[in-house]
Amino acid sequence: MLIEIGHVEVIFRYPVKSMRGERLESANLGWHGLEGDRRLAFRRIDNQSGMPWLTASKLPDLLLFAPQCREDGAQGDIPTHIRTPEGQEMPVFGEDLAREVGRRYGAPVQMTRLRHGIFDEASISVIASDTMREIGRLAGRSLDMRRFRPNVVVRLLRSVPFQEDEWLGGVLSFGEGDDAPAINVTMRDERCSMVLDPDSASSARQMLSSVRRFPRSLSRWLRTVLSIPSAKGDNGFMDRRSRPPPY
């Protein structure tokens with residue numbers, strides 16, 4: 001049974017891992033998350049581990065770099081340039097950008113593109129605006145939702161913070177009908193040092209001590225949602241029954 005829980009308030013996409021995100025009015029949801037989300041990342045050339053990606057936990061300044069897309073060189077959802085914190089625009093795959101980021105990090109890096117995205121655990125992150133406000137209240141400050149780097153922010157009909165815990169094991173769908181975009185909610189998203197100020201890349205100890213766990217939704221069952229748009233304002237529904245993946 002579908003239970004209406006709220007509506008989509010904001011959609012975010014992060015073209016380059018750990019860099020500044022962008023707000024969208026609508027997005028296509030597929031097996032590997034939102035189209036164009038985290039398809040690029042800087043690889044630490046000297047790192048031979050399974051997770052060689054340079055993130056803001058290693059270099060907070062990454063948050064201050066902003067992906068740009070110029071019409072004369074657009075490649076779908078892939079940005080063509082990156083604006084540095086000083087306002088200079090550099091080609092996304094250019095040596096100048098890699099050299100600048102490497103200088104700040106202190107070791108060589110290389111921009112890498114992965115067709116299916118570069119995610120730490122799951123490909124979609126969802127949080128309710130009511131939960132963020134409550135975290136701000138606990139921290140004693142007003143919080144910018146960009147700190148949490150969500151993909152989808154939901155405004156709840158029943159304003160209860162941390163209501164996301166009730167979604168675990170269910171299916172969150174955006175809109176009604178069998179062909180509505182839908183994701184299985186399979187785990188909580190534990191935020192740590194990545195809850196940084198998006199404009200200064202600084203952290204706040206009282207903020208970190210107030211952060212609770214909230215769900216990160218893993219797109220596992222996407223037989224009917226590939227290339228189906230999800231838009232700001234869509235109603236959100238929860239089905240308590242988890243759907244099996246199509247294999």
Side-chain angles (χ1 to χ4, degrees), residues 10-125 146-152 193-202 216 219 222 226-227 229-230:
V10 184
I11 300 173
F12 287 104
R13 179 174 64 189
Y14 309 90
V16 182
K17 188 173 181 64
S18 282
M19 288 191 181
R20 183 163 294 175
E22 57 187 5
R23 291 195 184 206
L24 303 175
E25 290 298 315
S26 63
N28 287 334
L29 175 64
W31 178 262
H32 302 286
L34 301 183
E35 285 187 6
D37 187 46
R38 296 175 174 91
R39 284 354 186 212
L40 301 177
F42 271 111
R43 180 177 64 88
R44 294 174 285 165
I45 294 176
D46 296 336
N47 188 292
Q48 303 302 314
S49 71
M51 287 295 291
W53 317 115
L54 180 62
T55 67
S57 63
K58 303 290 185 183
L59 180 64
D61 279 1
L62 275 180
L63 293 174
L64 307 180
F65 286 76
Q68 308 290 310
C69 190
R70 293 183 180 177
E71 294 183 2
D72 56 352
Q75 305 177 47
D77 295 313
I78 301 299
T80 59
H81 291 73
I82 302 294
R83 189 177 69 243
T84 69
E86 293 73 32
Q88 184 178 1
E89 291 194 3
M90 300 179 178
V92 68
F93 291 107
E95 293 183 3
D96 289 343
L97 178 62
R99 189 161 40 245
E100 172 62 16
V101 173
R103 180 187 67 80
R104 291 170 183 258
Y105 174 57
V109 296
Q110 179 184 48
M111 182 66 81
T112 304
R113 178 178 181 180
L114 269 69
R115 179 181 178 186
H116 295 150
I118 302 138
F119 306 100
D120 294 335
E121 292 183 84
S123 55
I124 297 287
S125 179
R146 294 177 298 163
R147 276 185 180 266
F148 299 89
R149 296 181 71 80
N151 287 119
V152 179
S193 60
M194 274 301 296
V195 189
L196 303 174
D197 187 296
D199 294 321
S200 67
S202 62
R216 170 173 287 177
S219 301
L222 291 171
L226 288 172
S227 299
S230 177

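Keep in mind that the numbers below use all heavy atoms, side chains included, and drop hydrogens, waters and symmetry copies.
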Between the CG atom in D61 and the OG atom in S18, the distance rounded to the nearest 0.5 Å is 12.0 Å
Correct closest heavy-atom pair for D197 and S200 would be OD1-N, 3.1 Å
CZ of F12 to CG of L24, rounded to nearest 0.5 Å, is 9.5 Å
Exercise. Could you walk me through whether L40 and F93 pass the side-chain contact (heavy atoms from CB on, under 4.5 Å) test, one step at a time?
Key: CA-CA 10 Å; L40 301 177; F93 291 107; 3.7 Å; yes
Between L196 and R147 the two heavy atoms that sit nearest each other are O-CG, 3.2 Å
When rounded to the nearest 0.5 Å, the distance separating CD of E89 from CD1 of I82 is 9.5 Å
Q: Taking the side chain as every heavy atom from C-beta outward, state whether K17 and D120 have any pair of such atoms under 4.5 Å apart.
A: yes
Check your understanding: Is any side-chain heavy atom of D46 closer than 4.5 Å to a side-chain heavy atom of P108?
Key -> yes
Problem set entry | R38 side chain near N151 side chain, heavy-atom distance below 4.5 Å | yes
Heavy-atom distance under 4.5 Å between the side chains of F65 and V101, does that happen here? yes
From CA spacing to verdict: side-chain contact (heavy atoms from CB on, under 4.5 Å), D37, E35
CA-CA 6 Å; D37 187 46; E35 285 187 6; over 6 Å; no
**Prompt:** Given side chains that start at C-beta, do those of R104 and P85 come closer than 4.5 Å, heavy atoms only?
**Reply:** yes
ask   = Hey, mind stepping through H32 and R115 against side-chain contact (heavy atoms from CB on, under 4.5 Å) and telling me if it holds?
value = CA-CA 9 Å; H32 302 286; R115 179 181 178 186; over 6 Å; no
Rounding to 0.5 Å, atoms OH (Y14) and CD1 (I118) come to a distance of 15.5 Å
Rounded to the nearest 0.5 angstrom, the CG-CE distance for L64 and M19 is 10.0 Å
Output for pair (R44 CZ, L54 CG), nearest 0.5 Å, gives 6.5 Å
Exercise for review: Answer yes or no: is there a side-chain heavy-atom contact under 4.5 Å between R43 and V109?
Suggested key: no
Open item on the list: With a 4.5 Å cut-off on side-chain heavy atoms, are I124 and L29 touching?
Closed with: yes
Test side-chain hydrogen bond (donor to acceptor under 3.5 Å, both in side chains), reference H81, set Q68, Q88, R70, output is R70
Side chains of P198 and L63 in contact at under 4.5 Å (non-hydrogen atoms):
no
